[in-house]
Amino acid sequence: MGLFGKIKEALKKTRANMAQKLRVLFSKNKLGNEFYDELEEILISEDVSVTTAEDVVEQVREEAIGNRVKDEKFVTDLLKDILEDKLNEAEPPEFRYPLVIMFVGVNGVGKTTTIGKVANWFTSHKKSVTVAAADTFRAAASDQLNIWADRAKVRIVKHEEGSDPAAVIYDAVSSAKARGTDVVLVDTAGRLHVKENLMNELKKMDRVVTREFAEAQFLKFLVLDATTGQNAVNQARVFDEAVELDGIVLTKLDGTAKGGFVFSLCGDLNIPVVFAGVGEKIDDLELFDAEQFVEGFI
């Protein structure tokens, strides 16, 4: 099953909810401000932020003036086009090699699992990969990453529990340079996004990569649990301020009944979604596609 099938299947609850709400809205046959107010409420109920919902509905209103606003298909297709444009406001980075990706996020979002899946994605595209176990605080974190590294058949660099995470990254990038490795994927400790000392630690790791592997493309990806809804946007905002995010990896998309916050990530914060995880298997990860996501959403 390709990305379209997987995302459509993952979002089937959201799509059913949206379809039902839109049917009810059009059945009322109300035009004017009340129609658009209700359309805005529907988007917000699906975890689209107020700011994004207002902007999207205003665009629908402007496009629909003088057109067939009573035509459900016309308005639905118009809404899809505007939502797709919202996702495309944030353009995902094009990978260049050598490449270092540092994965950040709060506890429990699935960073370690995601790194295993991303490692597998790169190896399936004929790239050599090293993973860096820079989560040195959580008990058995490196052991868990080791399992995923074995599954993806990639090298792992790790230190003792409690070691300096920046030292792990230093060794990983030094090894990658010496071996001519294409990709280094860095696991970091899950952290509460309000803890200043932990965020400063991320900045330190950021500096190590920038200094020691200047020739590499260096990207910072935030791993977000799709089931957290609007709180995901708050997490992204804080991490972006700390390390200037280059992209988002969505996990557990198959576990959410809503997905509207994704439009706010791209529209409000201008941070692109790069990968989407839609299952537990190592190959249940695909490059994100705006058009296909919208088709799964509405």
Side-chain angles (χ1 to χ4, degrees), residues 97-123 127-225 235 238-247 249 251 282:
Y97 305 96
L99 168 65
V100 178
I101 305 177
M102 184 167 73
F103 294 83
V104 301
V106 301
N107 283 310
V109 295
K111 277 194 308 301
T112 304
T113 302
T114 294
I115 289 170
K117 292 178 178 180
V118 173
N120 181 71
W121 186 89
F122 276 111
T123 58
K127 300 299 179 184
S128 55
V129 179
T130 292
V131 296
D135 178 358
T136 59
F137 295 104
R138 184 167 60 90
S142 63
D143 292 339
Q144 183 187 3
L145 187 62
N146 209 111
I147 292 170
W148 280 98
D150 285 345
R151 289 176 183 172
K153 298 179 174 60
V154 299
R155 292 180 60 246
I156 182 170
V157 174
K158 57 184 180 179
H159 286 190
E160 295 291 323
E161 187 176 322
S163 301
D164 182 0
V168 178
I169 293 178
Y170 178 88
D171 283 355
V173 297
S174 297
S175 172
K177 288 171 68 175
R179 292 170 174 259
T181 303
D182 297 315
V183 183
V184 179
L185 304 177
V186 180
D187 191 14
T188 64
R191 59 204 70 223
L192 295 171
H193 54 286
V194 294
K195 295 292 186 181
E196 185 177 357
N197 60 324
L198 292 175
M199 300 304 275
N200 287 335
E201 183 183 87
L202 280 182
K203 293 177 184 178
K204 178 182 177 183
M205 290 189 277
D206 186 317
R207 290 193 297 271
V208 169
V209 176
T210 303
R211 184 182 67 238
E212 300 299 330
F213 206 3
E215 63 269 36
Q217 181 187 28
F218 181 30
L219 303 175
K220 280 83 72 176
F221 285 177
L222 174 65
V223 181
L224 286 176
D225 181 339
Q235 290 179 26
V238 176
F239 277 98
D240 189 39
E241 290 172 357
V243 295
E244 297 184 9
L245 296 172
D246 299 290
V249 182
T251 66
I282 196 167

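- Interatomic distance, CZ of R155 versus OG1 of T130, reported as 4.0 Å (0.5 Å rounding).
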Counting only pairs under 3.5 Å, give me each side-chain donor-acceptor contact of residues 114-122, with atom names and distances, residues two or more places apart or in other chains.
unit_1 : atom_1 : unit_2 : atom_2 : d
T114   : OG1    : G110   : O      : 2.7
K117   : NZ     : G279   : O      : 2.4

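- Closest of all the heavy-atom pairs between V106 and K111 is O-NZ, 3.6 Å.
- The closest side-chain heavy-atom distance from V131 to D187 is not below 4.5 Å.
- For S128 (side chain) and D182 (main-chain N/O), a donor-acceptor pair under 3.5 Å exists by modelled atom type.
- None of V209, T210, V208 except one satisfies the side chain to side chain contact (heavy atoms under 4.5 Å, CB included) rule with D206; the exception is T210.
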| query | Can you list the steps and then say if D164 with K204 is a salt bridge (Lys or Arg N to Asp or Glu O under 4.0 Å)? | reply | CA-CA 11 Å; D164 182 0; K204 178 182 177 183; 3.2 Å; yes
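- Counted within 6.0 Å of CZ on F218, heavy atoms from surrounding residues, nucleotides or ligands total more than 12; the atom is thus considered enclosed.
- A 6.0 Å sphere centred on CZ of R179 holds no more than 12 heavy atoms belonging to other residues, nucleotides or ligands.
- Annotation: the span from L245 atom CG to L224 atom CG amounts to 8.5 Å, rounded to 0.5 Å.
- The nearest pair of heavy atoms linking P165 to F137 is CG-CE1, 3.8 Å.
- Shown here is E215, whose CD atom has more than 12 heavy atoms of other residues, nucleotides or ligands within 6.0 Å.
- In terms of heavy atoms, A176 sits closest to V184 at CB-CG2, 3.4 Å.
- Under the 3.5 Å distance criterion, the side-chain polar atoms of K177 are matched with a main-chain donor or acceptor of E212.
- For S163 against T136, the heavy-atom pair with the smallest separation is O-OG1, 2.7 Å.
- A heavy-atom distance below 4.5 Å is found between the side chains of D171 and H159.
- For the pair A242 and K203, the tightest heavy-atom approach, listed with the atom from each and the gap, is O-CE, 3.4 Å.
- The closest donor-acceptor contact from the side chain of T188 to the backbone of F103 lies under 3.5 Å.
- Closest non-hydrogen pair, S142 versus A133, comes out as CB-CB, 3.9 Å.
- Of the N and O atoms on the side chains of T251 and D225, not one donor lies less than 3.5 Å from an acceptor on the other residue.
- The CG atom of L145 lies 9.5 Å from the OG1 atom of T113; values are rounded to the nearest 0.5 Å.
- Interatomic distance, N146 CG to T112 OG1, rounded to the nearest 0.5 Å: 11.5 Å.
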